[in-house]
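Notes to accompany the following structure.
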Amino acid sequence: MQATTLFLDRDGVLNERIMDGYVTRLEEFRLIDGVLEAMAILSRRFDHIFMVTNQQGIGKGLMSEGDLETIHRWFTEQVESAGGRIDRIYHCPALKSAHSFMRKPSIGMALQARRDFPEVRLREAVMVGDTKSDMLFGRRAGMTTVLVGDEPEVATEAPHLVDFRYGTLLDFAQSLK
Ligand SMILES: [Mg+2]
């Protein structure tokens with residue numbers, strides 16, 4: 001894999017998903033085992049690393065932009081303490097019903113990253129996610145897609161959207177060594 005840019009979904013890839021709910025506070029944000037080690041490996045391998053996350057809990061009024069900022073500041077500090085980095089975090093607070101172009105599976109966040117970092121080539125990027133929406137986002141943006149996590153059935157339901165599949169982000173990172 002020659003990719004130079006990495007896009008990461010958040011819930012279900014970096015931290016444990018809360019089924020039918022939202023991570024609204026730092027106390028609810030639980031890292032998946034091996035994520036910090038994975039981020040350190042990936043930081044050596046990729047020139048750019050971005051998080052792209054739908055957070056309609058904000059649109060629903062369940063949390064504020066400040067609550068999300070607190071969680072993401074903590075996460076960034078943890079990653080950096082472990083020797084990794086994350087170059088920019090993009091989130092979409094819009095409700096699903098608003099059909100925002102910034103909300104995955106639409107590719108607004110990928111185009112925003114390319115505007116912010118003009119050297120980024122989406123065709124040389126990888127999208128790692130745990131849902132069909134993430135795979136669709138990656139595919140539509142011309143990226144290589146990597147499925148991780150608890151919903152491996154996405155790979156059988158929509159095999160054309162999934163290029164590679166690993167159990168966890170750490171498994172993916174270690175495969176690149
Ligand atoms: Mg997810």
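Along the sequence shown, residues carry numbers from 1. Indexing begins at 1, ligand by ligand and atom by atom, following the structure's order.
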* **Short side-chain donor-acceptor distance under 3.5 Å, H72 and R10** => yes

* Locate the shortest heavy-atom distance separating R85 from D47; write the atom from each residue and the value. => NH2-O, 2.9 Å

* Asked: Is the Mg ion (ligand 1) less than 2.8 Å from an N/O/S atom of D9, whether that atom is in the backbone or a side chain?
  -> yes

* Presence of salt bridge, E77 and R73, under 4.0 angstrom -> no

* To do: Taking all non-hydrogen atoms of both residues into account, name the closest pair between T144 and D163 and its distance.
  => CA-OD2, 3.4 Å

* **Atom name in D130, limited to N/O/S, at shortest distance from the Mg ion (ligand 1)** => OD1

* N/O/S atom name from D11 that is nearest to the position of the Mg ion (ligand 1) -> O

